[in-house]
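First the proteins, then the strands, lettered A, B, ... as listed; each starts at 1.
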Amino acid sequence: MRISLPADFRYDEVLLYLNRNAQEPLHAVDAERRTVTKAFRGQRGPLLVRIAMAADGELDVAFPLAEPDETERAAAAHYIAEWLDLGRDLAPFYRLAENDPILRKVVPRYRGMRIVGVGDLFEALAWAIAGQQISLHVAYGLKKRLVEAYGDPVAFEGRDYWLFPEAARIAGLAEEELQALKFTRSKAAYLLGVAKLMDAGELSKSSLLAEGDLAAMERRLTAIRGVGKWTANYAVMRCLRHPDAFPLADVGLHNALKLVLGLDSKPSLAEIERWAESWAGWRAYATFYLWRALTPS
DNA sequence: GTCCAGGATACTG
DNA sequence: CAGTATCATGGA
């Protein structure tokens, strides 16, 4: 199957981003063959896709495990388009960045990079909660243990491509079972709370999207115990895909600004908020591009 | 040993 | 209302 790509799209950036975590359980990047292999939940069961760049510049999508039917092909196309944010017109962001004293230092270098999404709201929130305050390295460990304990494996070529645990599965656990995976008491409680809320149907991606504007989504999410402004905006950025979601308290953002601006200490939240005023409408993309500056090459 | 990681909450003055 | 202690693991 083929997927046509928008004008500004850089596949190398997808590979680089998805290859940050050497022990990633949810997908695999083959750097030499330039492929990404990933399983996701379809209506009739798990689907495994392997994407690659075709010679003609389109995205090639293979289904190495089982031949999909028409519904499944459509689901995969939709999933990938949302995952890689293929539908977004980045031209307004690039125009904005050209005239911004901070973004102009970063954005042109990575033109074509799109925010890689997390389709599942429970996964996005769980990942954000796991990542609160600790290093990415530790957060990756938490995620891997959670996925391999309670997720669902799809075996192919001698390894497992895991499906992230469903909220219903986590909702039935005791806090101690999450603590055994090295979640702190607080994080275990937060994650259980979110899982129960979603399992009860009181929180879903569609109901959140129906809120419409960013402020309303943030209000609903921050009403949940353990979900502060950072977590809410992170989840909205990665899952709901609002281009203006802004994880202001993000340490990576602070470090990126320090690096890009050549500061000798991290800027204050008030300063960042002021700079970001001119990024209005695109603060999620501004953040993603600034994060990129922290990665070599 | 100390500091800090892609924060949130409860508590204090 | 603004500061501060606490969480709790792992790498530098």
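For A:D30, the salt bridge (charged side-chain N to carboxylate O under 4.0 Å, His left out) test picks out no residue, with sequence neighbours left out. Under the rule for a salt bridge (charged side-chain N to carboxylate O under 4.0 Å, His left out), the partners of A:E67 that lie at least two apart in sequence or sit in another chain are A:R73.
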With Watson-Crick and G-U wobble geometry limited to distances under 3.5 Å, how should the secondary structure of DNA chain C be encoded in dot-bracket form, using | for bases paired to another strand and [ ] for crossing pairs?
|||||||..|||
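In this model, the phosphate group of C:dT9 is not approached by any side-chain N or O of A:K187 to a distance below 4.0 Å at OP1 or OP2. Checking the phosphate oxygens (OP1, OP2) of C:dC7, no side-chain nitrogen or oxygen of A:T184 falls inside 4.0 Å. Taking only side-chain nitrogens and oxygens, A:K266 comes nearer than 4.0 Å to OP1 or OP2 of B:dA5.
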Between side-chain atoms of residues 187-196 of chain A and protein atoms elsewhere (two or more places apart, or another chain), which donor-acceptor pairs fall under 3.5 Å?
from, atom 1, to, atom 2, distance (Å)
A:K187, NZ, A:A130, O, 2.8
A:K187, NZ, A:Q132, O, 2.8

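Counted by atom type alone, A:D244 and A:W282 present zero donor-acceptor pairs between their side chains at under 3.5 Å.
Contacts between residues 125-148 of chain A and DNA chain B, defined by a heavy-atom separation below 4.0 Å, involve A:G131, A:Q132, A:Q133, A:I134, A:S135, A:L136, listed by number. Residues from residues 221-232 of chain A placing a heavy atom under 4.0 Å of any atom in DNA chain B, listed by number, are A:I224, A:R225, A:G226, A:V227, A:G228, A:K229, A:W230, A:T231.
Aromatic ring centres of A:Y140 and A:W127: separated by under 6.0 Å. Between A:Y17 and A:F288, the distance from one ring center to the other falls under 6.0 angstrom.
Across the P atoms, C:dA8 and B:dC11 are found 16 Å apart, a figure rounded to whole Å. Distance check on atom C1': B:dA5 versus C:dA2 gives 24 Å, rounded to whole Å. Separation of the P atoms belonging to B:dC3 and C:dT4 is 16 Å when rounded to the nearest angstrom.
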